[in-house]
Protein chains: 2
Amino acid sequence: MVPLTKEEEDIIRELVKEKDVPRKKFMHQAGEVASYSAFVVEGCLRSYTVDRDGFEHILQFAPENWWISDMYSLVKNQPSELNIDALLDSKILLLSRSCQVSIYDRIPKLERYFRILTENALAASNQRTINYLSLTAKMRYEKFCTLYPTLINTIPQKSIASYIGITPEFLSKLRAERN
Amino acid sequence: MVPLTKEEEDIIRELVKEKDVPRKKFMHQAGEVASYSAFVVEGCLRSYTVDRDGFEHILQFAPENWWISDMYSLVKNQPSELNIDALLDSKILLLSRSCQVSIYDRIPKLERYFRILTENALAASNQRTINYLSLTAKMRYEKFCTLYPTLINTIPQKSIASYIGITPEFLSKLRAERN
DNA sequence: GCATATTCTTAATCTATGTTAAGAAATTTT
DNA sequence: AAAATTTCTTAACATAGATTAAGAATATGC
């Protein structure tokens with residue numbers, strides 16, 4: 001999306017840390033203040049909350065080439081309610097919030113890149129809210145399938161159920177319905 | 001949030017159009033491609049979809065000093081599903097998408113301002129998604145009351161019901177419960 | 001490759017929330 | 001301020017989706 005010169009690439013390479021996250025290992029845990037965003041090079045991460053009854057609710061999947069973070073904790077500097085862990089063995093690039101800001105100062109077009117990225121994330125989040133308000137569970141599942149075709153066979157069904165806001169049992173029933 | 005010089009103020013004043021929007025009048029209608037963001041100087045706007053059964057679902061309230069737009073339509077350049085209208089007689093500032101970009105080029109710190117604004121909107125939207133996934137209707141109503149105390153007495157209850165994703169009848173019942 | 005743990009399915013039962021309807025209260029228009 | 005419209009409340013009944021439980025299928029760790 002943003003063409004970079006060799007020097008700009010070097011700046012970024014210096015500020016970003018590569019990391020392997022094996023399946024089920026955390027990149028971030030609830031209770032801590034988030035200080036990193038992650039770009040998924042390979043694999044898949046997810047962010048989720050755990051409610052008072054111990055149920056997990058997935059906020060975001062981040063397959064390859066997606067960014068993931070706890071935006072709330074990052075911008076408010078407050079302890080976060082979110083956990084971020086790997087659904088598959090993954091390789092990520094970590095960018096700390098302070099590095100991010102220093103990149104913006106040194107390479108302004110990256111501030112534009114992240115602004116646009118965030119605008120797209122907001123548009124997608126709004127769309128998801130509208131889906132909750134106006135669609136049945138079945139319709140949300142069908143939308144999910146067309147929106148994330150690659151995820152359907154790589155992540156457990158119960159994770160999809162959690163993302164669309166239903167129980168795994170009910171998702172199982174919905175799937176049985178459509179022969 | 002962003003201190004401006006006299007000249008910068010003049011640039012902005014030139015690119016922004018002031019407009020009065022009487023109660024129930026539209027700033028934007030579904031089907032059109034959105035090309036403006038609006039800053040609410042006075043009054044209150046809302047964005048909402050109308051589903052196939054004719055029910056309204058409110059995505060956002062914008063009381064004084066908030067921005068409102070159809071981010072999806074704006075960034076994808078696609079016809080929007082959202083209507084934006086005034087809940088109260090309002091005065092707004094309209095900023096077209098093209099002016100917005102030209103402001104970014106002329107006053108880079110405003111690109112930062114809008115990046116931060118969008119990050120905050122995303123954090124709030126994520127929070128709302130988590131609320132849907134993990135809270136009952138009653139808890140969502142209570143959260144709404146603490147989050148938007150000023151709205152509770154200025155907008156119809158049925159609008160609150162629509163925003164938190166329940167019917168007005170059920171909200172009425174919830175309110176009766178807590179004596 | 002076997003044992004263990006996790007995920008998925010099915011079915012019976014339960015419950016939070018929706019629907020319908022009708023009157024009361026509040027607000028807006030004339 | 002009366003009439004008309006919109007919003008709010010209440011109550012009986014309906015339903016989408018949750019819960020519980022148990023077995024079957026898959027996946028994982030050793």
* **Estimated bend of the helix from C:dG1-D:dC30 to C:dT30-D:dA1 (axis per five terminal pairs, rounded to 10 degrees)** => 70°
* Structure fact -> Contacted region of DNA chain C by chain B, from 5' end to 3' end of the hits, cut-off under 4.0 Å to heavy atoms, spans C:dT17 to C:dT28
* Which pairs, with at least one residue in residues 84-111 of chain B and sequence neighbours excluded, count as a ring pair (Phe, Tyr, Trp, His ring centres under 6.0 Å)? -> B:Tyr104-B:Phe114
* Asked: Does a side chain donor of either B:Asp70 or B:Ser80 reach within less than 3.5 Å of an acceptor in the other side chain?
  -> yes
* **Neighbours of DNA chain D within residues 151-169 of chain A, by heavy-atom distance under 4.0 Å** => A:Gly165, A:Ile166, A:Thr167, A:Glu169
Just the atom pairs and distances: protein N or O near nucleotides 25-30 of chain D's N or O, under 3.5 Å.
unit_1 : atom_1 : unit_2  : atom_2 : d
D:dT28 : OP1    : A:Arg23 : NH2    : 3.4

Can you sort out the partners of [X] under ring pair (Phe, Tyr, Trp, His ring centres under 6.0 Å), two or more places apart, ordered by chain and number?
X        : value
B:Phe55  : none
A:Tyr113 : none
B:Phe39  : B:Trp67

* **Remaining members of hydrophobic cluster (4.5 Å side-chain criterion), B:Leu82** => A:Ile130, B:Leu59
* Would one find more than 12 heavy atoms of other residues, nucleotides or ligands at under 6.0 Å from atom NZ of A:Lys25? -> no
Partner set under salt bridge (charged side-chain N to carboxylate O under 4.0 Å, His left out) for [X], not counting sequence neighbours:
X        : result
A:Glu81  : none
A:Glu56  : A:Arg46
B:Lys143 : none

